[in-house]
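Beneath this line is the structure, given in structure tokens, with notes to follow.
Each chain gets a letter, A, B and so on, in the order its sequence line appears, and its residues count up from 1.
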2 protein chains.
Amino acid sequence: MALIVHKYGGTSMGSTERIRNVAKRVAKWARAGHQMVVVPSAMSGETNRLLGLAKDLSPAVQTPAMLRELDMIASTGEQVSVGLLALALQSEGMEAVSYSGWQVPVRTDSSYTKARIQSIDDARVRADLAAGRVVIITGFQGIDDEGHITTLGRGGSDTSAVAVAAAMKADECLIYTDVDGVYTTDPRIVPEAKRLETISFEEMLEMASLGSKVLQIRSVEFAGKYRVPLRVLSSFTAWDIDIEEEANSGTLITFEEDEKMEQAVVSGIAFNRDEAKVTVVGVPDKPGIAFQILGPVAEANIDVDVILQNVSHGGRTDFSFTVHRNDYQRTLDLLRSQVVPALGAADVAGDPKICKVSIVGIGMRSHVGVASKMFRCLSEEGINIQMITTSEIKTSVVIDEKYMELAVRALHKAFDLDQASA
Amino acid sequence: MALIVHKYGGTSMGSTERIRNVAKRVAKWARAGHQMVVVPSAMSGETNRLLGLAKDLSPAVQTPAMLRELDMIASTGEQVSVGLLALALQSEGMEAVSYSGWQVPVRTDSSYTKARIQSIDDARVRADLAAGRVVIITGFQGIDDEGHITTLGRGGSDTSAVAVAAAMKADECLIYTDVDGVYTTDPRIVPEAKRLETISFEEMLEMASLGSKVLQIRSVEFAGKYRVPLRVLSSFTAWDIDIEEEANSGTLITFEEDEKMEQAVVSGIAFNRDEAKVTVVGVPDKPGIAFQILGPVAEANIDVDVILQNVSHGGRTDFSFTVHRNDYQRTLDLLRSQVVPALGAADVAGDPKICKVSIVGIGMRSHVGVASKMFRCLSEEGINIQMITTSEIKTSVVIDEKYMELAVRALHKAFDLDQASA
């Protein structure tokens, strides 16, 4: 008997028919002798509907008091889901009880719409499990010290599920979603992309942050911090498939580097086309220029990703970085009006039509030549590299957006991912 | 400066446009210097939508565990409303905060879907009022001793508003609804029906229970118990009408019999066509027959309204009562299978096509001849009276359903209600 947490996304909860299937699947696990905690999302479309109503009344929600009301409204989507799933389980003849975040309670800080979980009291849930009940807990939300409802932000239900699994010391947290696992890259771009049976926690972090939107990145961080075994698997299999088969499907996110992982130097190819590049040209090369350039950018609440400072020539250097494409024009304006005059730089250049492609693999730690293999591959395809940045387990390049698919396909093949075992 | 409670029904909250109007109205009252507490219902249609989803998954919701989940689901409708109204008020430049029942807290017993309010803690709300905030509280719901969400049943938001007003010792509780007050009878049947400026609490109780569905009857009982001045008024006036005019519109439910009420012997004509009549014929006239007949009926959870036992002839009597029309066939079956054989009665007769018409007036207490005037009026119209029942402030007759409109119109005229001052 194990303690298992299931998390179901909004698509899986999208209709009463689908909720009934979720209930049958959960019942199958409970009848197999497992203690079950389930964290469902709001029915698909519901959170958008609620936020649409709110936006109608308050187009510019900004004050904490307004954000508080937004959480009050948005949190109801999951409350409906947990009640419906409990009813469906009861109709299947199971004992089940649902709780809102505040009833558990799931304690968070007071950062409305993007709160962070501080602690989860497991006493109530444990008592229900001991009494033979399936416990269903709202994702996405909690309660702060003042008794106000908070939400964790978009995708927060993944984080809730992992946090509950950590608090309960669950044996495994299964994230049911509309993909059947983590792939070597996006199969829409590389049809030969293969599902990974396992991926290390660190690789998953890089894959998630680089745009493989399988899991919310905070949930992966949480899983890493508390070492929660996490599995991503499909919610579209028939509910009555063999439970052993189901328990081994999808992709397991692990904390140990097993033999297999040693062999695969690169686990996957990630990419991101939401970025834009800006370069401050001809900056006098003095200490403190990074701060002088990026300080005003940070103050304007613009997130910066890749940062590069070239070697200087004749006492002048170029300083490049990437920002989200939505912030591109604002960044250019800011640099031109404030930074260039203050620094005495020559000019600002930019390119919004770039993308970032990364190879990710925990095996890169102990293998040399991985990056150069990447560069050679891109060179053979005639793709010019504009920026390069590396970390222990990934190498990213910024290239012209139009080469993205070509680059991903070429790298996928070059690192033998087309042959990766499923 | 007064402490005022406003209650808005589902129609008033039916769209963001309407919610914006509610916000403007509330803001007007707050800017006039009043401390404002608002209790809105769920947006119209929302509770039905939620219960429809629940019914889909659990067609036969019956166990307490299932009813608990139903409350979990249904309570979200009001939570969305309070959040939206708070946002709308904030957009009007007002300070506002919303609370769910459990946050106040509004404490109830654990009778899911029909809970009763036990106490309301006013500390949190009072602190917000003192800080200059408009406080918005979910109607219809509370929290039990175990921390479970409960709901008060359909129309429970009226009761919530009155209970909040009682707990806060509010100066007045204004129920905004889709009618502009309490009328002498239903204007759809008698176009000459007049709005009453005031009505006594006892009369309102009789009018409400007899089918003038302006206010939920429990809210009137609550208002009576705690002597909360209650006003029913229209939510369809322009939000910016003069506040004094608005404060004196609608119908005030009072606790003192003023001069005007002394003059009006009958305040209104109520009616109800949801009932059916059954008669156990030829019952041996012995002590205990009422219990022997109605005991099994009560056990079958069938509500009985009018009860009549005729004088006996030759040791046998007839025993008649009315039930809700939906319970008619079940009642007949029960009487035939259990009661008639056990009692040695002759037979059971019934008529589902009846209605009940009542004259209601606190003045009846001190005026003789009111009932006989009613009977004469009906006789002049050729309407046969099947049953009669009286209380201190009302006289009801059961008649053939087809005469209902005729009877109501004739009585409205006979008691000079066509001339009642507005």
Engaged part of B:R68 at the chain A interface, taking heavy atoms whose separation is under 4.5 Å: side chain

How about residues 133-149 of chain B versus chain A: which residues have heavy atoms under 4.5 Å apart? B:I143, B:E146, B:G147, B:H148, B:I149

Contact listing (chain B partner; residues 93-118 of chain A; heavy atom under 4.5 Å): A:A96, A:V97, A:S98, A:Y99, A:S100, A:W102, A:Q103

For B:S75 and A:Q79, the nearest pair of non-hydrogen atoms, with its separation, is OG-NE2, 3.2 Å

What residues form a side-chain contact (heavy atoms from CB on, under 4.5 Å) with A:D56, not counting sequence neighbours? B:T16

Is it the case that over 12 heavy atoms from other parts of the model lie below 6.0 angstrom from the CG atom of A:D242? yes

Tell me whether B:S91 contacts the main-chain N or O of A:L57 through its side chain, where contact means a donor paired with an acceptor under 3.5 Å. yes

How about residues 23-48 of chain B versus chain A: which residues have heavy atoms under 4.5 Å apart? B:M43, B:E46

Chain B interface, residue from A:V82, A:L85, A:I19, A:L84 that has the most non-hydrogen pairs under 4.5 Å: A:L84

How about A:L87 and B:I73: do any of their side-chain heavy atoms sit closer than 4.5 Å? yes

